Amino acid sequence: MSEDIITSDLSGESKSPTNFIHAIIEEEIRNGKNEGRVHTRFPPEPNGYLHIGHAKSICLNFGTASKYNGLANLRFDDTNPVKEDTEYVDSIMEDVRWLGFDWDDRLYYASDYFDQLYEWAVKMIREGHAYVDDLNAEQISEYRGTVTRPGKESPYRTRTPEENLDLFTRMKDGEFPDGSRVLRAKIDMAHPNMLMRDPIMYRILHTDHHRTGDKWCIYPMYDYAHGQSDYLEGITHSICTLEFEVHRPLYEWYLEQVAEGSYRPRQIEFARLNLTYTVMSKRKLLQLVNEKVVNGWDDPRMPTICGLRRRGYTPESLRAFADVIGIAKRDQVIDVALLEFCVREDLNKRSNRVMTVLNPVKLVIDNFPEGEVIELEAINNPEDPEAGSRLIRFTKELYIEREDFMENPTGKFFRLKPGGEVRLKYGFIIKCEEIVKDSEGNITEIHCTYQEDTRSGMVNSNKKVKGTLHWVSAEHAIPVEVRLYDRLFATETPENVEEGKDFKDNLNPDSLKTITAMAEPSVLKLVVGDRVQFERLGYFCVDPDSTSSKIVLTALLH
RNA sequence: UGUCUGAUGGUGUAAUAGGCAACACGUCUGAUUCUGGAUCAGAAGAGUCUAGGUUCGAGCCCUAGUCGGACAACCA
């Protein structure tokens, strides 16, 4: 008798984590709104590269659609030809796909709707809901009033529909120069919401559009185009960020002018993502690129999706991140450590281990036969038995990490020290016998002895030692370029600056160090985009700058 | 000063018929380990912005404040 309950409890969506948007949707589905249909859209403007904040939105929109057996569209909000470009269209599609989402055949552009939008504008003019204004930009701004003072009506507001229609047609036909006239919605110049004070619907822009070419010289504004595009696509939930909250009344007002029947898309806002130690605004990211603070949009220090990709982040980890940060309406500043946790968790299970020495110092095994090479079996990934193993070569002369030796150890240092013993991973236990220094006192060689029967798997191999070091054979090691990236900013909230300073004053001067490291030969088999864990050091990704003669590795986390 | 909006451990998110504030990250212990990683076990850390009210009982409902965010581009 209770079986039904149990079954429905396990199969329903009620178990999965939810957020306030999903709560709204579930409520609507219960009430039969839109016949239970869920249709979302991701509407980027093709005027820049996507960043991790967009990833949050992409995951929300596409994730919500699939959760409720709905659809998600990709729509380019391309209503401003002076800022937009196909370069961005391409990169955005690549990034959305890379993140793991698919819009099938639902790729749209706001510019697809220019004809319909124009017709609707004409309808609004005929019905007395829109007029052509001859005021210039400065005057319009003056007439608009302020947040505390009402605006005043333009002297052109009372033009007849016929006159407006004539003027609007001539605007479209290119008779007037940029900025000379606009089409405005006739709403209320005293409205407490400034956006309702006769917002501009169309402006004159004698600029070619990346898709419509020179067909148009008037272009619709965001508020007029967006809701109507949603309506035309049958969008049920138009999910956007909080700054559009004040736009909602206008969104709904425009819809009422043109919509028929009872269907209306519904705008719902959520808080945009902020991350500690990063800036997220497109404008500031563009500035970093233009001023060459970073090496382009895909610089591994950038929070852009292409930057994160180059840094080595996996799509899975980004999706997991989007999932774990949640959706709400209060401002969020997520600790970047959470993002790092998400990749680490993913890569720990998936990436092969490699031994690489970033800062080598020579280690000589005095009692190891000259010229002898022993092949040792190394586990590729202890977290994944399927990953198998490889052979690594052990010789008399090795490199170890300079930091793994301390001449005068203090406290809890349990790596190599004079007279101390340590294990060389997959190899032998060695004992430090003496050190050689140059005239300046720098250590140039560390001399050790090894115990043959402590080799991994042999009789004495479970002898206790405090530390295990990674190493490479000096003779076989491959020099590789390693780019050690750190966070771009030195302060948690780089955008919070005192008077007279700007966010670039908070840059971390050491966000990139390039070094030559010594890697085990298996790195030769890696290809661009491969991610590996350097044993005991962190995760690294093969950079596209790699050539056949030089491998470049980007530090993801170290 | 106007409109809209939000407030829960250090951070983020839950608590969806008013019923012992939960989960994750981070931090700290300990165990274990041939990676100071991972894993495992455990701990500290909020009494829910404030003040009133309703109620046997309030994070949740009511009233009044406080503080934060958004909005005055022919940008999106």
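Throughout, protein chains are lettered first and strands after them, A, B, ... in sequence-line order, and every chain is numbered starting at 1. Predicted, not measured: the structure shown is a model, and the values here were computed from it.
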OP1 or OP2 of [N] versus the side-chain N and O atoms of [X]: is any pair under 4.0 Å?
{"X": "A:K329", "N": "B:rA7", "value": "no"}
{"X": "A:R330", "N": "B:rU13", "value": "yes"}
{"X": "A:T468", "N": "B:rU33", "value": "no"}
{"X": "A:R203", "N": "B:rA76", "value": "yes"}

*asked:* If I pick the P atom on B:rC71 and the same atom on B:rU29, what distance separates them, to the nearest angstrom?
replied: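 After rounding to an integer number of Å, I get 45 Å for this pair.
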*Relative to the ring of A:Y49, is the ring of A:Y88 parallel (under 30°), tilted (30 to 60°) or perpendicular (over 60°)?*
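Perpendicular.
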Whether the side chain of [X] and the base of [N] hold a donor-acceptor pair under 3.5 Å is what I'd like checked.
{"X": "A:Q533", "N": "B:rU35", "result": "yes"}
{"X": "A:H247", "N": "B:rA76", "result": "yes"}
{"X": "A:R415", "N": "B:rG36", "result": "yes"}

Side chain of [X] (C-beta onward), nearest among [options]:
{"X": "A:I140", "options": "B:rU33, B:rC74, B:rC75", "result": "B:rC74"}
{"X": "A:V324", "options": "B:rA24, B:rA14, B:rA76", "result": "B:rA24"}
{"X": "A:M194", "options": "B:rA76, B:rG36, B:rA72", "result": "B:rA72"}
{"X": "A:I200", "options": "B:rC74, B:rA76, B:rA14", "result": "B:rC74"}
{"X": "A:L195", "options": "B:rG36, B:rU1, B:rC71", "result": "B:rC71"}
{"X": "A:Q332", "options": "B:rA76, B:rG12, B:rG2", "result": "B:rG12"}
{"X": "A:E245", "options": "B:rC74, B:rG37, B:rC4", "result": "B:rC4"}

*Of A:D331 and A:T148, whose closest RNA chain B nucleotide lies nearer the 5' terminus?*
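Looking at the nearest nucleotide for each, A:T148 comes out on the 5' side.
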When both hydrogen-bonding distances must be under 3.5 Å and the geometry is Watson-Crick or G-U wobble, what is [N] paired with, if anything?
{"N": "B:rG9", "result": "none"}
{"N": "B:rC71", "result": "B:rG2"}
{"N": "B:rA43", "result": "B:rU27"}
{"N": "B:rA58", "result": "none"}

*When you measure from the side chain of A:D78 to the backbone N and O of A:S111, does any donor-acceptor pair fall under 3.5 Å?*
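It does hold such a pair.
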*Do the side chain of A:N359 and the main chain of A:E401 share a donor and acceptor less than 3.5 angstrom apart?*
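The answer is no, because no donor-acceptor pair under 3.5 Å joins these two groups.
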*Indicate syn or anti for B:rG36, taking the glycosidic torsion and treating anything within 90° of 0 as syn.*
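Base orientation relative to the sugar is anti.
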*Between B:rA72 (P) and A:R197 (CZ): distance, integer Å*: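 Those two atoms, CZ and P, are 11 Å apart.
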*What integer distance in Å separates A:E383:CD from B:rU33:C1'?*
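These atoms are roughly 11 Å apart.
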*Is the distance between the ring centroids of A:F244 and A:Y222 less than 6.0 Å?*
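A:F244 vs A:Y222: aromatic centres under 6.0 Å.
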*asked:* Ignoring hydrogens, what is the shortest heavy-atom contact between A:P44 and A:L50? Give both atom names and the distance.
replied: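 So the minimum-distance heavy-atom pair works out to CB-CD1, 4.2 Å.
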